[in-house]
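Values below: every heavy atom of this structure, side chains too, minus hydrogens, waters and symmetry copies. Convention: sequence-line order gives letters A, B, ...; per-chain numbering from 1.
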Protein chains: 2
Amino acid sequence: MFSKTCEYAIRAILFIAHKSENGDKIGIKDIAKGIDSPEYFVAKILQNLGKQGLVQSQKGPSGGFYLDDSCRKHSLADIVKAVDGQKIFSGCGLGLKQCSETRPCPIHHEYKEIKKRLIAMLENAKVGTFSEELEKNLIFLKRK
Amino acid sequence: MFSKTCEYAIRAILFIAHKSENGDKIGIKDIAKGIDSPEYFVAKILQNLGKQGLVQSQKGPSGGFYLDDSCRKHSLADIVKAVDGQKIFSGCGLGLKQCSETRPCPIHHEYKEIKKRLIAMLENAKVGTFSEELEKNLIFLKRK
DNA sequence: AAAATAAAAGATATTTTTGTCTTTTATTAA
DNA sequence: TTAATAAAAGACAAAAATATCTTTTATTTT
Ligand code: FES
Ligand code: FES
C-alpha cells in the first residue's frame with residue numbers, strides 16, 4: 001500500500017513523537033534501532049520530512065530529532081502525502097491515468113468506498129496521539 | 001496499492017474475458033492496445049499467468065489468448081495473489097514483518113477492517129462478470 | 001578557541017520493478 | 001509440406017526504489 005520509504009517515515013515520526021514528548025531530542029541511531037530500519041536510509045527520509053516541516057531537528061551535541069506541538073497535530077495523511085504523494089488519495093485502483101466517476105474502471109465504485117475509509121483513518125490519526133499506547137506497549141513500531 | 005504488473009494483469013484478463021466471450025482468441029497486440037499498456041511487458045505477464053492457469057493461449061495463426069469457463073470464475077483476488085503474492089492480504093500496513101493481533105502496529109485495528117473490505121471486494125469480483133458492462137461502455141480498462 | 005557531536009548534503013551502490021528486443025517453438029493455412 | 005503466424009522463452013536495458021558511505025556544516029561542550 002505505502003512505499004517502504006513511507007512506512008519508515010510514519011514509524012520514525014511516531015517513534016520521535018513518543019520519545020521526544022518530554023522535550024528530549026532523539027538521535028538517528030536510536031530511531032533506526034527503535035523502528036528496526038536501515039539507519040542511513042531513515043536519515044535521508046527524516047532530512048526530507050524536515051524540509052517539509054513535518055519534523056524538527058538540531059545539529060551538534062545533544063542534538064537530534066524532535067517534534068514541536070504543531071507537528072504533533074499533523075495526521076498520518078500529511079506524512080503519506082509528503083512521501084508518496086497523492087496517488088492513494090486520488091489515483092485509480094487499477095492504474096488508469098485518472099480515476100473518474102463518469103468513466104469508471106471495473107473496481108471504481110467499491111474501491112471508492114474503501115479509499116474513503118482509508119483516507120478517513122489517515123486523516124483522523126494524529127501523530128501526537130499514539131505516545132501513551134506506545135509507552136504502555138499496547139502498540140508497536142517494530143517486531144523483534 | 002497493486003504493482004503496475006498486477007494492474008496490467010487484471011486489466012488484461014478482464015479485456016480477454018470480454019473479447020473472448022464468443023470463442024474468439026485475442027492477440028497480444030490487441031490486448032496491449034485495448035488496455036493501453038506496453039505490449040512486450042503484458043506479454044510476459046500473460047505468459048506467467050498462463051503457467052498459473054489463469055489464462056489460456058494458443059500459438060500459431062488464429063491463435064491468441066482466451067479464457068475458458070473455469071477461468072471466468074476466478075476472482076480478482078486470485079490474480080492479485082498470483083502476481084503480487086499475499087502481501088496485501090496478510091501483511092502489516094506499516095511494514096512490520098508480520099501483522100499481529102497481539103502486537104499490533106498503530107494502524108492495525110482500523111486497517112484490519114479496511115483490508116477486510118478490500119479482500120471481500122477482490123474475492124467477490126469474478127473475472128467473467130464484467131463483460132456486459134464493458135460491452136455497454138459502463139466501465140473502462142483504459143483512459144484514452 | 002578547540003574538540004567532539006550530530007544532522008545535512010552529496011555521491012555512490014544495490015536491488016527491484018518495469019520495459020524492450022531477439023530467437024525459438026508450436027500451430028495453422030495455403 | 002512450406003510459409004506465415006503468434007505465443008513462449010530467454011536475454012538485455014532502463015528506470016525507480018532502496019540502501020550505504022563520505023564529506024560538510026552547525027552546534028555544543030570542554
Ligand atoms: S476509475 Fe479506477 S478507481 Fe476510479
Ligand atoms: S500489525 Fe500492522 S496492520 Fe496488523
Side-chain angles (χ1 to χ4, degrees), chain A residues 1-13 15-16 19-20 23-67 80 82-85 87-88 95, chain B residues 1-13 15-16 19-20 23-67 80 82-85 87-88 95:
Chain A
M1 179 165 60
F2 307 125
S3 67
K4 220 96 200 50
T5 302
C6 189
E7 292 172 352
Y8 290 148
I10 293 172
R11 282 153 59 192
I13 292 279
F15 185 79
I16 295 166
K19 292 291 187 181
S20 73
D24 281 2
K25 283 155 200 151
I26 174 87
I28 186 61
K29 280 189 181 167
D30 290 335
I31 296 167
K33 277 176 197 158
I35 67 172
D36 186 30
S37 65
E39 177 185 333
Y40 293 119
F41 192 42
V42 283
K44 280 292 174 206
I45 294 167
L46 288 174
Q47 194 175 315
N48 179 46
L49 289 174
K51 282 175 190 158
Q52 308 204 43
L54 288 165
V55 67
Q56 275 67 49
S57 65
Q58 179 155 37
K59 289 182 179 180
S62 86
F65 294 89
Y66 62 99
L67 293 189
V80 174
V83 175
D84 282 350
K87 197 176 165 220
I88 72 161
Chain B
M1 179 164 57
F2 308 125
S3 68
K4 220 95 199 56
T5 302
C6 189
E7 291 172 352
Y8 291 147
I10 294 172
R11 281 153 59 193
I13 292 280
F15 185 80
I16 295 166
K19 292 291 186 182
S20 74
D24 281 2
K25 284 156 199 148
I26 174 85
I28 186 63
K29 280 188 181 167
D30 289 335
I31 296 168
K33 278 176 196 159
I35 67 172
D36 186 29
S37 65
E39 177 184 333
Y40 292 119
F41 192 40
V42 285
K44 280 292 173 204
I45 295 167
L46 287 174
Q47 193 175 315
N48 179 48
L49 289 174
K51 282 176 190 157
Q52 309 205 41
L54 288 165
V55 68
Q56 274 66 49
S57 64
Q58 179 154 36
K59 289 181 178 180
S62 87
F65 294 88
Y66 63 99
L67 293 189
V80 173
V83 176
D84 282 351
K87 198 178 164 217
I88 73 160

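Listed by chain and number, the residues in a side-chain hydrogen bond (donor to acceptor under 3.5 Å, both in side chains) with Thr5(B) amount to none (sequence neighbours excluded). Applying the side chain to side chain contact (heavy atoms under 4.5 Å, CB included) rule to Ala12(B) yields the partners Ile31(B), Ile35(B), Leu46(B); only residues at least two apart in sequence or on another chain are considered. Every residue two or more places apart in sequence or in another chain that forms a ring-ring contact (aromatic ring centres under 6.0 Å, His included) with Tyr8(A) is listed here: Phe41(A). Judged as a side-chain hydrogen bond (donor to acceptor under 3.5 Å, both in side chains), and not counting sequence neighbours, Ser37(A) has no contacts. Remark: Ser62(B) pairs with no residue by the side-chain hydrogen bond (donor to acceptor under 3.5 Å, both in side chains) rule, at least two apart or across chains. Residues that satisfy the salt bridge (Lys or Arg N to Asp or Glu O under 4.0 Å) test with Lys29(B), not counting sequence neighbours, are absent from this structure. A search for side chain to side chain contact (heavy atoms under 4.5 Å, CB included) contacts involving Lys25(B) returns Gln58(B), Tyr66(B), not counting sequence neighbours.
Contacts classified as ring-ring contact (aromatic ring centres under 6.0 Å, His included) and involving residues 43-65 of chain B (residues at least two apart or in different chains) are not found. Sorted by first and then second residue, the salt bridge (charged side-chain N to carboxylate O under 4.0 Å, His left out) pairs with a member in residues 31-54 of chain A read Asp36(A)-Lys144(A), Asp36(A)-Lys97(B); sequence neighbours excluded.
Atom CZ in Phe65(B) sits about 18 Å away from atom P in dT5(D), given to the nearest Å.
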If you restrict it to nitrogen or oxygen atoms, what contacts under 3.5 Å exist between nucleotides 15-19 of chain D and the protein, and what is each distance?
{"residue": "dT18(D)", "atom": "OP1", "partner": "Lys4(A)", "partner atom": "N", "Å": "3.1"}
{"residue": "dT18(D)", "atom": "OP2", "partner": "Thr5(A)", "partner atom": "OG1", "Å": "3.0"}
{"residue": "dA19(D)", "atom": "OP2", "partner": "Tyr8(A)", "partner atom": "OH", "Å": "3.3"}

Pairwise N/O distances under 3.5 Å, protein to nucleotides 28-30 of chain D:
{"residue": "dT28(D)", "atom": "OP1", "partner": "Gln58(A)", "partner atom": "NE2", "Å": "3.1"}

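From the 5' end on, the contacts that DNA chain C makes with chain B at under 4.0 Å to a non-hydrogen atom open and close at dT18(C) to dA29(C).
Using a 4.0 Å heavy-atom cutoff across all strands shown, Ile28(A) reaches sugar-phosphate atoms only and no base atom.
Nearer the 5' end of DNA chain C, as judged by each residue's closest nucleotide, is the contact made by Ile31(A), out of Ile31(A) and Val42(B).
Phe15(A) is listed as a side-chain neighbour of Ile26(A), based on a closest heavy-atom distance under 4.5 Å.
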